[in-house]
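Structure, as structure tokens:
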Amino acid sequence: MTLGEVRFEREALLERARSGDRTAFSDLVRLHQDEVFTLANRLVGDRERAADVSQEAFIRAWRALPAFRGDAKFSTWLHRIVVNTAWSLRRSQQRRPTAPLSVIFQEPAAPDRNPQDLAAASAMAPRLLSALAQLSAPVRAVVVLKDIYDWAHSEIADHLGITTTAAKVRLHRGRKQLHAVLWDELGSDE
Amino acid sequence: MKLRAFRSSDLMCRTVKGLGPAAGKSVVIRGPLATHASSCLRCQADLARYRRLRRELGRLAQYIEQSPVLMAPRVESAIGAQPALVTRRRHAARLVAAIAAATAAAAGTAAFSLWRRTRAAV
């Protein structure tokens, strides 16, 4: 199947899901679940909570799908929902802390999907992820969205409900902390 | 004189260090700071580490983790995309209703036959 055919098939799937076809939406969920989970995990820094966030994000996406105009890519739109969901769940958990759905999602952590992904990512990735997990959630979110997902400062500020200046300050702080934590690794040869 | 030069150099290093996290796309180190950084090994090492940090973070975009196995079925269940599950529930509900109806019919028949027998005896 060519790239064009794949794109056409995905667009058809999206169109069917937009018109209320649940099966088409489940196919979209299966196509995007790993990337959604990856973003959620980087934002919340915990696999169990990331699973909750991903699930909730997909449910919100399903509800909002008729309003999706297609101005942005579906995955970009989905990423925005994940960020909003992660942040709103975080706020609600801060108000009333609850236990995560650990019973449902008890399984060993799978570091990567396939060898190509492993090859594409750097050897430093596990250490980098562990250093990211040490940052506070608000700082980590900005670093993840700016340096990994290349979002604009204004977009990050909008989604996290902070000012652009605050986003820049957090990014500066986050990079400085990572620089300090990973000092030795960053100095070694690639 | 030497002390002053050292202090000045130390200040430059600290300034470059402070700019390090922002150095790159948006912030470019220029002027005396750039001159200093080009000859100071400490600043060069510092800036190189920041550059590498950003490069490595950028590479993480390709590092996709595997989601939990049960995630997709749970989403499908939440949005009602699993007809099998719904059908199974409907079957169970129909079975319960059928049993209730059969019990009611049996009780009704028994009551009717009892009433007829009583009436015949009278």
Side-chain angles (χ1 to χ4, degrees), chain A residues 21-23 25-26 29-30 33-38 40-42 47-48 50-51 54-55 58-59 62-63 101 104-107 109-114 116-118 120-122 124-125 128-129 132 143-144 146-150 168 171-176 178-179 182-183 185-187 190, chain B residues 13-29 33 37 40-90:
Chain A
D21 185 337
R22 288 183 165 87
T23 318
F25 186 72
S26 335
V29 169
R30 283 169 201 282
Q33 62 179 351
D34 288 348
E35 58 176 287
V36 161
F37 176 75
T38 302
N41 196 18
R42 281 170 192 169
R47 282 183 68 86
E48 286 175 4
S54 311
Q55 189 186 318
F58 276 123
I59 294 168
W62 167 249
R63 287 190 200 130
L101 298 170
I104 299 159
F105 292 108
Q106 260 175 7
E107 61 182 84
D112 235 350
R113 187 167 38 176
N114 57 43
Q116 282 103 331
D117 288 338
L118 261 177
S122 88
M124 236 185 101
L128 201 51
L129 288 170
L132 270 172
V143 174
V144 164
K146 179 69 191 164
D147 283 344
I148 303 179
Y149 292 90
D150 204 21
K168 286 180 181 173
L171 179 68
H172 195 276
R173 200 181 299 158
R175 282 178 184 165
K176 221 170 155 181
L178 288 175
H179 183 262
L182 297 165
W183 177 263
E185 287 91 336
L186 291 170
E190 284 186 66
Chain B
C13 283
R14 274 194 229 164
T15 313
V16 171
K17 199 178 172 73
L19 286 171
K25 284 180 197 168
S26 52
V27 176
V28 180
I29 296 174
L33 283 178
C40 172
L41 291 177
R42 193 161 54 161
C43 288
Q44 280 172 20
D46 213 48
L47 291 171
R49 278 180 168 87
Y50 273 115
R51 277 196 297 271
R52 182 159 179 213
L53 173 67
R54 293 180 65 176
R55 203 165 52 239
E56 298 288 352
L57 282 169
R59 281 187 192 175
L60 276 185
Q62 291 155 5
Y63 188 87
I64 306 292
E65 293 168 53
Q66 194 171 38
S67 56
V69 183
L70 286 175
M71 201 171 81
R74 280 186 60 81
V75 173
E76 286 161 1
S77 172
I79 64 162
Q82 276 190 318
L85 188 69
V86 175
T87 313
R88 239 181 290 142
R89 278 190 193 150
R90 273 189 199 147

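Quick note on labels: first sequence line is chain A, next is B, and so on, each numbered from 1. These values consider heavy atoms only, across backbone and side chains, with no hydrogens, waters or symmetry-generated copies.
- Contacts between A45(B) and chain A at a heavy-atom distance below 4.5 Å are absent for every atom of the residue.
- With salt bridges taken as basic N to acidic carboxylate O contacts below 4.0 Å, one links R30(A) and E76(B).
- Qualifying ring pair (Phe, Tyr, Trp, His ring centres under 6.0 Å) partners for F25(A), counting only residues two or more places apart in sequence or in other chains: W62(A).
- Remark: H179(A) pairs with W183(A), Y50(B) by the ring pair (Phe, Tyr, Trp, His ring centres under 6.0 Å) rule, at least two apart or across chains.
- Neither the backbone nor the side chain of A48(B) comes within less than 4.5 Å of any heavy atom in chain A.
- For chain B, the option among T38(A), N41(A), V36(A), V144(A) with the highest count of heavy-atom pairs below 4.5 Å is T38(A).
- Contacts between L171(A) and chain B at a heavy-atom distance below 4.5 Å are absent for every atom of the residue.
- D46(B) CG to C13(B) SG: the interatomic distance, rounded to the nearest 0.5 Å, is 8.5 Å.
- Looking only at heavy-atom pairs under 4.5 Å with chain B, the residue among L182(A), L178(A), D147(A) that has the most is D147(A).
- When the candidates R63(A), R42(A), K176(A), K146(A) are compared by the number of heavy-atom contacts under 4.5 Å with chain B, R42(A) comes out ahead.
- With values rounded to the nearest 0.5 angstrom, E65(B) atom CD is found 9.0 Å from L60(B) atom CG.
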